[in-house]
Amino acid sequence: MDYARQSTAYDLSRYEQHLRPQPPELHVVGRGNSRAAANRALGLRLACTALAVVSMLAVMLYNNAILTELTEEYNAQSTRYEELKSEGVRLQSELEGKMSLRNVENYASANMGLSKTEAYQIEYVQLNKGDRVVLAQSPANAGPWGRIQEGFQAFLEYLMPN
């Protein structure tokens with residue numbers, strides 16, 4: 001066959017060197033060190049566990065100390081709030097006492113010279129004398145110009161009633 005005319009690639013694997021895999025080298029390890037290594041691993045595990053327990057206890061103690069401080073601060077602020085609330089009630093009652101009707105009357109009579117009205121100072125007005133309508137008379141000699149003005153005024157009143 002003629003390989004030059006085909007589209008297949010050359011097989012170059014024929015020319016490569018084939019190496020055989022070498023078996024790994026095995027080393028025999030003595031068993032005398034395994035017990036010491038196990039003891040070291042056990043000691044390391046115990047040390048890590050003890051460290052974790054001690055650190056957890058330290059964190060718990062720290063959290064309790066912070067919680068105690070915050071509780072004391074909360075109690076102090078609650079006490080302060082109650083004091084301020086009672087002070088507000090005291091000031092409100094003091095204000096109501098100063099603004100009572102008796103105190104206002106005393107201040108008005110003493111400092112401003114005012115007094116209560118007497119019966120002889122009261123005058124009643126009656127408004128039941130009847131209703132009446134008064135029409136303004138238009139001047140007789142207003143002329144045509146006056147009539148135009150009256151018509152214009154009537155038109156404006158019609159458009160914009162009060």
Side-chain angles (χ1 to χ4, degrees), residues 2-13 16 21 37-162:
D2 192 8
Y3 288 108
R5 292 186 183 165
Q6 292 181 359
S7 64
T8 58
Y10 291 109
D11 185 18
L12 299 177
S13 64
E16 292 178 359
N39 286 338
R40 278 196 309 262
L42 180 63
L44 185 61
R45 268 193 239 144
L46 286 176
C48 289
T49 305
L51 182 64
V53 167
V54 168
S55 63
M56 290 175 81
L57 286 174
V59 167
M60 287 175 52
L61 288 174
Y62 177 75
N63 284 340
N64 284 341
I66 295 297
L67 183 63
T68 302
E69 288 177 7
L70 290 176
T71 303
E72 288 174 0
E73 183 179 345
Y74 172 77
N75 290 336
Q77 293 298 328
S78 294
T79 304
R80 177 76 175 135
Y81 171 70
E82 291 300 324
E83 289 172 0
L84 289 174
K85 203 160 102 174
S86 65
E87 179 71 13
V89 168
R90 185 191 65 80
L91 289 174
Q92 184 66 31
S93 64
E94 183 180 331
L95 177 66
E96 289 173 358
K98 286 184 178 181
M99 294 302 293
S100 69
L101 185 59
R102 182 180 305 154
N103 288 341
V104 172
E105 286 176 357
N106 290 340
Y107 181 81
S109 63
N111 296 340
M112 302 175 111
L114 301 175
S115 63
K116 283 190 172 184
T117 57
E118 302 279 334
Y120 70 90
Q121 295 174 324
I122 298 174
E123 190 174 316
Y124 294 99
V125 178
Q126 291 184 355
L127 299 175
N128 296 342
K129 294 189 177 182
D131 295 333
R132 60 183 174 162
V133 177
V134 177
L135 294 176
Q137 297 286 334
S138 62
N141 53 2
W145 181 249
R147 289 186 194 146
I148 291 173
Q149 282 181 338
E150 287 177 7
F152 185 70
Q153 288 293 341
F155 178 70
L156 287 177
E157 288 176 4
Y158 175 74
L159 289 179
M160 296 181 286
N162 289 340

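Just so you know, these numbers use all the heavy atoms, side chains as well, and skip hydrogens, waters and symmetry mates. One-based numbering along the sequence shown.
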Report task. Calculate, to the nearest 0.5 Å, the distance between atoms CG and OG1 belonging to L84 and T79 respectively. Result -> 11.0 Å

**Report entry** Shortest non-hydrogen separation from Q121 to K116 and the atoms involved
**Finding:** OE1-O, 4.1 Å

Query raised in the report: Which distance, rounded to the nearest 0.5 Å, do you find between the CZ of F155 and the CE of M160?
Result: 9.5 Å

Report summary line: CG (N39) and CG (L44) are apart, to the nearest 0.5 Å, by 12.5 Å

Query raised in the report: From E69 CD over to E73 CD, what is the distance, rounded to the nearest 0.5 angstrom?
Result: 9.0 Å

Requested in this report: Check the surroundings of atom CZ in R102: do more than 12 heavy atoms from other residues, nucleotides or ligands lie under 6.0 Å from it?
Outcome: no

Report task. Quick one: pull up CG in N63 and CE in M60 and give me the separation to the nearest 0.5 Å. Result -> 8.5 Å

Query - Separation of S78 OG from E83 CD (nearest 0.5 Å) - result: 11.0 Å

Query raised in the report: Can a salt bridge be assigned to the pair E150 and R147 using a cut-off of 4.0 Å between side-chain N and carboxylate O?
Result: no

